[in-house]
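Note that the numbering runs from 1 along the sequence shown for the chain.
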Amino acid sequence: MSEDTEDGADRVRRIVRVRGRVQGVGFRMDAAAEAARLGVGGTVRNLLDGSVEAALEGSPEAVEAMIAQLRRGPSGARVDGVDVRREDPRGVASFRITG
């Protein structure tokens with residue numbers, strides 16, 4: 001993308017895996033609402049092992065705020081652990097629940 005030269009430096013992408021009681025408690029819906037509020041793109045999905053994985057992309061500040069929200073989760077959730085890894089931004093602007 002030609003915009004990557006200017007905007008790419010201001011965008012980050014993180015893959016976040018959240019473990020604990022995070023399925024069946026509205027975790028993905030809560031994440032989607034927070035992503036919309038913060039202007040973060042990406043996806044959130046349930047994994048077979050009971051964890052939730054989110055791919056987040058946006059400004060460093062917005063992505064960090066989103067990770068902080070994932071560490072808390074909605075009121076019915078219990079977050080036992082969070083793993084974060086870096087990836088190169090892909091230019092994702094919208095956020096969706098995928099699975």
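- Salt bridge annotation for Glu57-Arg90: absent, with no cationic side-chain nitrogen under 4.0 angstrom from a carboxylate oxygen.
- For Ser59, the side chain to side chain contact (heavy atoms under 4.5 Å, CB included) criterion is met by Glu61, Ala62, not counting sequence neighbours.
- Considering all non-hydrogen atoms of both residues, Arg13 and Ala55 come closest at NH2-CB, 3.6 Å.
- One hydrophobic cluster holds both Ile67 and Met29 under the rule that ILVMFWY side chains link at heavy-atom gaps under 4.5 Å.
- To the nearest 0.5 Å, the span separating CD on Glu53 from CG on Leu47 amounts to 5.0 Å.
- Rounding to the nearest 0.5 Å places OG1 of Thr43 at 11.5 Å from CZ of Arg28.
- Between Arg14 and Arg86, the closest side-chain pair of non-hydrogen atoms falls below 4.5 Å.
- Remark: of the listed residues Val44, Leu56, Val22, Leu56 is the sole one forming a side-chain contact (heavy atoms from CB on, under 4.5 Å) with Leu70.
- In this structure, Ile97 is a member of the same hydrophobic cluster as Phe27, with clusters built from ILVMFWY side-chain heavy atoms closer than 4.5 Å.
- Under a hydrophobic clustering in which Ile, Leu, Val, Met, Phe, Trp and Tyr are joined whenever their side-chain heavy atoms come within less than 4.5 Å, directly or via other members, Val84 and Val79 fall into the same cluster.
- Transitive grouping of hydrophobic side chains (ILVMFWY, heavy atoms separated by less than 4.5 Å) brings Val82 and Val25 into a common cluster.
- In the hydrophobic cluster analysis, where Ile, Leu, Val, Met, Phe, Trp and Tyr join through side-chain heavy atoms closer than 4.5 angstrom, Leu38 is grouped together with Phe95.
- When side chains are defined from C-beta on, Met66 does not count as touching Val16, because their heavy atoms never get closer than 4.5 Å.
- Sorted by first and then second residue, the pairs that involve residues 68-78 and meet salt bridge (Lys or Arg N to Asp or Glu O under 4.0 Å), not counting sequence neighbours, are Arg78-Asp80.
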- prompt: Does the side chain to side chain donor-acceptor pair (under 3.5 Å) test come out yes or no for Asp30 and Gln69, once each step is laid out?
  reply: CA-CA 9 Å; Asp30 184 70; Gln69 175 61 27; 2.7 Å; yes
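- Closest non-hydrogen pair, Arg11 versus Gly91, comes out as NH2-C, 4.4 Å.
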